[in-house]
Amino acid sequence: MTSTLYPTRLPCGNRVLDLSRTHVMGILNATPDSFSDGGRYSLLDNALRHAEAMVAAGATLIDIGGESTRPGALPVSVQQELDRVAPLVERVAQSLDVVISVDTSTPQVITDTARLGAGLINDVRSLRRPGALEAAAAVGLPVCIMHMLGEPGDMQDNPHYQDLVGEVSGFLAERMQACEQAGIPAERIVLDPGFGFAKTLEHNLSLFKRMEALHALGRPLLVGVSRKSMIGGVLGRPVDQRLFGGLALAALAMTKGAKILRVHDVAETVDVVRMITAVESAE
Ligand code: YH5
């Protein structure tokens with residue numbers, strides 16, 4: 001059984017996460033391409049039904065994002081991002097018993113979604129946009145900060161490291177310090193190695209193998225590898241055939257002490273978590 005160096009209670013707005021357990025975070029994309037079904041239901045209805053299904057399958061967090069971080073994706077305006085994310089946050093908060101994580105780098109989105117019921121701010125840019133640290137500090141919610149070099153648009157242009165784990169760890173330590181200076185105490189921080197962000201396949205595999213080194217930072221780890229190219233790279237499979245590879249990585253991340261698994265395939269991942277928990281809880 002892995003022990004933790006931090007308090008296991010993480011208050012997330014009106015809910016509390018018990019970090020002595022491993023949690024499954026379901027991914028809910030609020031980008032227009034994600035929920036087209038020929039117009040029988042509105043985009044909002046489809047997204048809500050998807051959220052409902054993920055909660056029924058055992059997700060204790062839902063990560064709602066309105067910006068695509070794919071290299072080459074078009075930038076979204078603040079208003080566009082708000083229009084995509086805010087109604088979903090509001091409706092999920094009203095209807096489901098789940099912590100709402102908002103995948104955003106935008107100060108206005110942080111502020112507005114917190115008011116609508118968000119419980120966690122998940123920023124792949126680690127609150128480096130002007131005003132983001134201040135907005136996150138003001139709303140008082142926990143934040144997930146993630147390792148990435150550069151911006152999503154250029155992050156895969158020949159990423160290079162002398163000491164991969166040392167640099168990822170150093171980056172996260174520096175962002176933790178920036179958070180604390182802005183009034184976000186360490187107790188409110190979740191850390192993420194940032195798989196697939198500014199990393200080659202070899203970087204991703206090596207960082208995954210050595211993930212435990214990040215426990216030295218003293219905060220819970222979130223891992224997001226679901227359907228990502230590191231699975232495709234090893235198995236030679238397209239994105240719709242990466243489930244089993246992703247489940248292998250979810251199991252491995254959990255046994256390496258990750259506390260939040262960010263995934264598309266919630267039901268399958270929850271079975272993995274329950275099975276590992278049963279064995280680890282045995283006499
Ligand atoms: C993450 O790791 N990732 S968005 C490419 C894929 C599949 C999935 C081609 N937001 C993370 O999910 N937030 C994203 O296959 C995240 N950690 C945190 N905290 C990218 C994504 C994806 C990209």
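FYI, side chains are in, hydrogens and waters are out, and symmetry mates aren't considered; it's all heavy atoms of this structure. For ligands, and for the atoms within them, numbers begin at 1 and follow the listed sequence.
Checked for salt-bridge contact, Asp265 and Arg227 meet the test: a charged N lies under 4.0 Å from a carboxylate O. Of the charged side-chain nitrogens involved, none lies within less than 4.0 Å of a carboxylate oxygen, so that Arg91 and Glu52 do not count as a salt-bridged pair.
Counting protein heavy atoms only, atom 12 (O) of ligand 1 is closest to Arg262 NH1, 2.9 Å. What sits closest to atom 4 (S) of ligand 1 on the protein, heavy atoms only, is Thr69 OG1, 3.4 Å. Among protein heavy atoms, the minimum distance from atom 7 (C) of ligand 1 is reached at Ser226 O, 3.5 Å. The closest protein non-hydrogen atom to atom 13 (N) of ligand 1 is Asn122 ND2, 3.1 Å.
Ligand-side atoms of ligand 1 in range of Leu222: 19 (N), range being under 4.0 angstrom from any heavy atom. Each of the following atoms of ligand 1 lies closer than 4.0 Å to a heavy atom of Val124: 10 (N), 13 (N), 16 (C).
Geometrically, ligand 1 and His264 share no nitrogen or oxygen pair separated by less than 3.5 Å. Residue Gly224 places at least one N or O, backbone or side chain, under 3.5 Å from an N or O of ligand 1. No N or O atom of Asp63 sits closer than 3.5 Å to an N or O atom of ligand 1.
For atom 17 (N) of ligand 1, the nearest non-hydrogen atom from the set Asn29, Ile145, Val263, Asp192 comes from Asp192. The option from Lys228, Arg227, Glu67, Met146 that lies nearest to atom 2 (O) of ligand 1, judged by heavy atoms, is Lys228.
A donor-acceptor pair under 3.5 Å is absent between the side-chain atoms of Asn46 and the main chain of Leu43, judged by distance alone.
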Anything under 3.5 Å between a donor and an acceptor, one on a side chain of residues 176-192, the other on a protein residue two or more places apart or in another chain? List them.
{"unit_1": "Asp192", "atom_1": "OD1", "unit_2": "Gly194", "atom_2": "N", "d": "2.8"}

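By the 30° and 60° cut-offs, the orientation of the rings of His203 relative to Tyr161 is perpendicular.
Take His23 and apply the ring pair (Phe, Tyr, Trp, His ring centres under 6.0 Å) test, not counting sequence neighbours, and it matches no residue.
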Item to check | Candidate pair His147 and Phe197, rule ring-ring contact (aromatic ring centres under 6.0 Å, His included), full reasoning | outcome: CA-CA 7 Å; His147 176 268; Phe197 290 88; 9.4 Å; no
